[in-house]
Amino acid sequence: MKKVIFITNIPNPYRIPLFNEMSRQFRESNMHLKLVFGAEGYKRRMFQLDKSEIDFDFEILEDKAHSFSDDGEKTLFLYRGLLKLLRRDKPDAIIVAGFSSATVQVFYHKLLTGTPFVIFSGSIDIKGRNYSFLRKMNRLLFIKSASAFVAYGNLAKEYLVNAGAPSSKVFVGRNTVDTSFFAEKTSALRQTVSSDDNKTHFTYVGYLVPRKNVQVLLEAIKIVSGKRSDFCVDILGDGISRPDLEKFVDENNLKHVVKFHGFRQKEELPEFFAKSNGFLFQTGFDIWGLVLNEAMAAGLPCLASPNAGATFDLIKEGETGFVVDFSDREYAAQKIAWLIDHKKEALEMGKRGASFIREEVNLEKAAEGFKNAVECVLNRK
C-alpha cells in the first residue's frame with residue numbers, strides 16, 4: 001500500500017469530512033493517507049474540534065502558530081519537526097497546502113529523496129496587488145518542482161497555469177465542506193422553525209474584519225431601510241470590526257433591521273438558514289469562501305461578491321444567485337430589494353443553487369480531485 005502524507009495548517013472542523021472521504025477513497029485505491037497538521041489551532045479560529053469525528057490517520061506537530069496582526073489574519077506556521085517526520089515515515093507522495101514554510105521543507109525533501117509532491121492551492125490573481133520579486137520566484141520554483149496540483153476551483157487553476165503549471169497536471173477538487181449537513185439539517189428545521197415577524201430575513205456569516213466588507217454591506221442595508229422596513233439581517237460572526245459596526249448600526253437607527261448574534265458553531269447555522277430568505281456575501285477578498293457553499297446547500301438565494309473564488313465557480317447569474325459588487329451600494333440595495341419583492345423567484349433560485357451544490361460540489365468529487373492527482377504522480381513514478 002502506497003503511503004501519502006497531506007500537510008496543512010490545523011485540523012479545522014469543516015475540513016474533517018473531506019479528509020474522511022479522502023481517506024476512504026485512498027484506501028479503496030490501495031493508498032494510505034495521513035494528515036500532518038502544523039499546529040492544533042491559532043488565535044482567530046474559534047471552532048470547536050470534536051476528534052471523535054476523525055476517521056483518518058493524523059499527527060499534529062509540536063509547534064505553535066504565530067499571529068502577527070491584531071485580527072489574527074496574518075498567521076505563520078513554521079512546521080517545526082516536519083522534515084524529521086518525513087524522513088521517519090518515508091511517504092511515496094506528499095500533498096502540501098499552499099505556498100508556505102511547509103512547501104519549502106517538502107521541496108528540500110524532494111531534492112534529498114526524490115519524493116514527488118502535489119500542491120493544493122486556492123491562490124488566485126488579485127487586482128492591484130503586487131507581490132515581491134522573491135515571493136514570485138519562490139512560487140515559480142515550487143510550481144516547477146511539483147509533480148501535480150489540486151486547485152480550489154477554476155480561478156485557482158487559471159492562476160497555476162499562468163504561473164507555469166502544465167494544465168494536464170492541474171486537477172480541480174472544488175473547495176467544499178459537508179454540504180449535505182447544511183442541506184439536510186436546514187430542510188428538517190424549516191418544517192418546525194419559522195420567522196414570526198412576517199419579514200424577509202437575510203443572513204451573513206463570517207468574521208467581522210475589514211477584509212469582509214461588512215461596513216459596505218451595512219451601508220447598502222441603510223439605503224434599503226430608508227425605503228422599507230419589511231426585512232431584517234442576521235449577522236453571525238465576531239472580530240475586531242464588531243464595535244465599529246455596532247456603532248454604525250446604532251448611529252444610523254438600524255437596530256430594528258440588523259441583529260448581531262456573535263460567533264456560532266457549525267451546528268448552530270442551520271437554524272438561522274431555516275429562517276432566512278437570502279444570503280449576503282459581500283467579501284472584499286476570499287480565495288474561495290466556503291460560507292457560500294454552505295448557504296447554497298441550504299437552499300438560500302445568494303448575492304455574492306465577485307471578489308471571491310467561490311463566486312466564479314458557484315454563481316450562475318440569475319440562476320443560482322447574483323454576482324453583486326457591494327461597493328456599488330445602490331446596486332446592492334436594488335438586489336436586496338429584488339429578493340424581498342420576488343419571493344417565489346428567489347425560492348426557485350435557491351433550489352437551483354442547492355441542486356448544483358449537491359450534484360457538482362460535493363465531498364466525493366472534491367476527494368476525487370486529490371486521488372486523481374496522486375494517482376497521476378505515483379503512476380508516473
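One is the number of the first residue; the rest follow in order along the sequence. Reckoned from all heavy atoms, side chains included, excluding hydrogens, waters and symmetry mates.
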Report yes or no: do [X] and [Y] form a side-chain donor-acceptor pair below 3.5 Å?
X	Y	answer
Gln215	Glu219	yes
Arg27	Ser23	yes
Ser101	Gln105	no

Tell me if a side-chain donor or acceptor on Asp325 pairs with a main-chain N or O of Ser327 at a distance below 3.5 Å.
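Flag set: sc Asp325 to bb Ser327 pair under 3.5 Å.
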Does Ala102 offer a backbone N or O that forms a donor-acceptor pair with the side chain of Ser100 under 3.5 Å?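 The answer is yes, because a donor-acceptor pair under 3.5 Å joins these two groups.
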Once you round to the nearest 0.5 Å, how far does [atom1] of [X] lie from [atom2] of [Y]?
X	Y	atom1	atom2	answer
Asn277	His342	CG	NE2	14.5 Å
Thr8	Phe58	OG1	CZ	14.0 Å
Phe56	Leu18	CZ	CG	9.5 Å

Ion pair check, [X] and [Y], cut-off under 4.0 Å:
X	Y	answer
Arg228	Asp341	yes
Lys212	Asp286	yes
Arg80	Glu62	no
Arg352	Glu348	no

Picking from Phe19, Trp288, Phe370, what satisfies ring pair (Phe, Tyr, Trp, His ring centres under 6.0 Å) with Phe120?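 Going through Phe19, Trp288, Phe370 one by one, the ring pair (Phe, Tyr, Trp, His ring centres under 6.0 Å) with Phe120 is satisfied by Phe370 alone.
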| task | Report, as yes or no, whether the 6.0 Å neighbourhood of atom NZ on Lys259 holds more than 12 heavy atoms from other residues, nucleotides or ligands. | result |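 Check fails, neighbour count at 12 or below.
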- Message: Between Glu59 and Leu85, is the side chain to side chain contact (heavy atoms under 4.5 Å, CB included) condition met? List the steps.
- Response: CA-CA 10 Å; Glu59 185 169 342; Leu85 182 150; 3.4 Å; yes
**Message:** Less than 6.0 angstrom separating the ring centers of Phe272 and His201, yes or no?
**Reply:**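 That pair fails the under 6.0 Å test.
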How are the rings of Phe142 and Phe99 set relative to one another: parallel (under 30°), tilted (30 to 60°) or perpendicular (over 60°)?
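It falls in the parallel class, under 30°.
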Side-chain heavy-atom pair Val216, Gln282 within 4.5 angstrom cut-off: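 No, their side chains stay 4.5 Å or more apart.
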